[in-house]
Asks: 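First the structure, which I've put down as structure tokens, then a few questions once you've had a look.
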2 protein chains.
Amino acid sequence: MERTSFAGMRCSLARGLDRIGDWWSPLIIRDLYLGVTRFDDLVEDLGISRNLLARRLKALAANGMIARKAYQRRPLRYEYRLTEAGRDLIPALLALTAWGDRWAAPKEGSPMLHEHAACGCRFTPQVTCSACGEPIDAGSVMATRGPGGAAKAGTKVLARRLPPPTPGR
Amino acid sequence: MERTSFAGMRCSLARGLDRIGDWWSPLIIRDLYLGVTRFDDLVEDLGISRNLLARRLKALAANGMIARKAYQRRPLRYEYRLTEAGRDLIPALLALTAWGDRWAAPKEGSPMLHEHAACGCRFTPQVTCSACGEPIDAGSVMATRGPGGAAKAGTKVLARRLPPPTPGR
DNA sequence: ATCATCAAGTTCAATAATTGAACTAATATC
DNA sequence: GATATTAGTTCAATTATTGAACTTGATGAT
């Protein structure tokens, strides 16, 4: 049967995953970000089936993550570029990559390093609190009910259990 | 055919995705983190097929993300808890959730809000530079070759194109 | 002119994964 | 003795993923 859609769930993680679309998409987005933007290059880089890549690119475009642009005429050829939404996903993918570096890196070490243009340093992406700037971890975060929450598929049990937000924050 | 494994790719994003396992897994991990830890509660909360949940829980346990623990005897009943690797994934999932809030939230608003226990504020997870602390975006990050990089499936083209790291950083 | 090449896909058959519904097993409660 | 709870397993139907071969439109070489 068709895979269950996460688009209607009352959970921004589920809805975000639904926009991304499938398992190959984060790698496609990473490749576009790093400059591998053409169909045949993506096939060669990722080892993905041409058939599946074509469908994924269409779906990502339909979801507003990427856009197809002609880079030459005669013969007409297209490449793919990230939209604003797609580019905005990059920091989250970098946070995931950093987790992969910590828990699943090859024995030779990290496949990729990152430098921050603004400060000129090699760095590790960190997830921090927008209020105090400190790195966050599972133990220091409390989830509360938001205005868009509902006890529907995806958060049926959760929505009932989440506490209301602390007043005055 | 069997889904292509990302485990051997020379890319920490791909290897990380492979550990997570599949599309339902981030939601399962979120639920375990938020206290929905029992089989039937997960089925009800997510609307996932019982059959598939059973397989996903086994795979996540095999990947070291979760652990099964008995919470009572007579009758013997189990619940699932995040391991250290699983808990360490939460900040990255929060970064993804924040992206979902920005680009895919329901019209009523965010389904869930977050408070930081350390500073007492409501906040948005941000991905920042570990060196200077500033928020990062796609334009301010440069990727370079790391020691574990290789022109294998998953980064065949990329590994050839990435610049070497800037010396002395 | 003809032939091979390139880039961006499409078409096809085989295999594997997801789904929903029904079933099992061990205890506890009415 | 009958029903409820909880954590799964089994099964058939439907989709999705895969890899290989094919298509299309144009360029460059012989």
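Computed from a predicted structure; not experimentally measured. Residue numbers begin at 1 in each chain, while the letters A, B, ... track the order of the sequences. Only this structure's heavy atoms are used, side chains among them; waters, hydrogens and symmetry mates stay out.
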Asks: Go through the structure and list residues passing side-chain hydrogen bond (donor to acceptor under 3.5 Å, both in side chains) with A:Thr37, not counting sequence neighbours.
Replies: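 Expected list: A:Glu79.
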
Asks: Base, sugar-phosphate alone, or nothing: which one does B:Arg38 contact when heavy atoms must sit under 4.0 Å apart?
Replies: sugar-phosphate

Asks: Closest to the A:Tyr78 side chain: C:dT19, C:dG9, D:dT18?
Replies: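 Closest nucleotide to the A:Tyr78 side chain: C:dG9.
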
Asks: Can you tell me the distance, in whole Å, between the CZ atom of A:Arg68 and the C1' atom of C:dA7?
Replies: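 That distance rounds to 12 Å.
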
Asks: Between B:Leu57 (CG) and D:dG8 (C1'), how many Å, whole number?
Replies: 10 Å

Asks: Can you tell me if the side-chain N/O atoms of B:Tyr80 get under 4.0 Å from OP1 or OP2 in D:dT6?
Replies: no

Asks: Rounded to whole angstrom units, what separation is found between the CG atom of B:Leu52 and the P atom of D:dA16?
Replies: 15 Å

Asks: How does protein contact run along nucleotides 21-30 of chain C, one letter per nucleotide 5' to 3', with B for base contact, S for sugar-phosphate only, - for none, heavy atoms under 4.0 Å?
Replies: -B---BSS--

Asks: Are A:Arg56 and C:dG9 close enough that a side-chain N or O sits under 4.0 Å from OP1 or OP2?
Replies: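 No, A:Arg56 has no side-chain N/O under 4.0 Å of OP1/OP2 on C:dG9.
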
Asks: Write down the distance between CG (B:Leu46) and P (D:dA7), rounded to a whole number of angstrom.
Replies: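 Rounded to whole Å, this separation is 14 Å.
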
Asks: Among residues 8-31 of chain B, which contact DNA chain C at a heavy-atom distance under 4.0 Å?
Replies: B:Asp22, B:Trp24

Asks: Rounded to whole angstroms, how far apart are CZ on A:Arg55 and C1' on C:dC12?
Replies: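 Atom CZ in A:Arg55 sits about 12 Å away from atom C1' in C:dC12.
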
Asks: Determine whether a donor-acceptor pair (N or O, by modelled atom type, separation under 3.5 Å) exists between the side chain of A:Arg15 and the backbone of B:Ala104.
Replies: yes

Asks: Going hydrophobic residue to hydrophobic residue with side-chain gaps under 4.5 angstrom, can you get from B:Met65 over to A:Trp23?
Replies: yes

Asks: Kindly point out which of D:dT9, C:dA7, D:dT17 is positioned nearest to the side chain of B:Lys58?
Replies: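 Per side-chain heavy atoms of B:Lys58, the pick is D:dT9.
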
Asks: List in chain and number order the residues that pass salt bridge (charged side-chain N to carboxylate O under 4.0 Å, His left out) with B:Glu134, two or more places apart in sequence or in another chain; answer none if no residue qualifies.
Replies: none

Asks: Run the side-chain hydrogen bond (donor to acceptor under 3.5 Å, both in side chains) test against A:Asp18 and tell me which residues pass, sequence neighbours left out.
Replies: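 Listed in chain order: A:Ser5.
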
Asks: Linking I/L/V/M/F/W/Y whenever any side-chain heavy atoms sit under 4.5 Å apart, do B:Leu52 and B:Leu57 land together?
Replies: yes

Asks: Donor-acceptor pairs under 3.5 Å, side chain of residues 121-129 of chain A to any protein atom, not counting sequence neighbours: which ones?
Replies:
residue  : atom : partner  : partner atom : Å
A:Thr128 : OG1  : B:Gln126 : O            : 3.3

Asks: Under 4.0 Å between a side-chain N or O of B:Thr4 and OP1 or OP2 of D:dT17?
Replies: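 No, because none of the side-chain N or O atoms of B:Thr4 sits under 4.0 Å from OP1 or OP2 of D:dT17.
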
Asks: Please state how far atom CZ in A:Phe39 lies from atom P in D:dT23, giving the value in whole angstrom units.
Replies: 17 Å

Asks: Could you state the CD-P distance from A:Glu2 to C:dG20, rounded to the nearest angstrom?
Replies: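 The answer, rounded to whole Å, is 11 Å.
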
Asks: Transitive ILVMFWY cluster of A:Tyr78 at side-chain heavy atoms under 4.5 Å: who else is in it?
Replies: A:Leu76

Asks: If you pin A:Asp40 and B:Gly47 to their nearest nucleotides in DNA chain C, which one's is more 5'?
Replies: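 The residue mapped nearer the 5' terminus is A:Asp40.
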
Asks: Tell me the interatomic distance from B:Ile48, atom CD1, to C:dT18, atom P, rounded to whole angstroms.
Replies: 9 Å

Asks: Could you list who else is in B:Leu113's hydrophobic cluster, with ILVMFWY side chains joined at under 4.5 Å, directly or through other members?
Replies: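 Besides B:Leu113, the cluster holds no residue at all.
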
Asks: May I have all residue pairs that pass salt bridge (charged side-chain N to carboxylate O under 4.0 Å, His left out) and include part of residues 98-115 of chain B, sequence neighbours excluded?
Replies: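 Only A:Arg10-B:Glu108, A:Asp88-B:Arg102, A:Arg169-B:Glu115 qualify under salt bridge (charged side-chain N to carboxylate O under 4.0 Å, His left out).
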
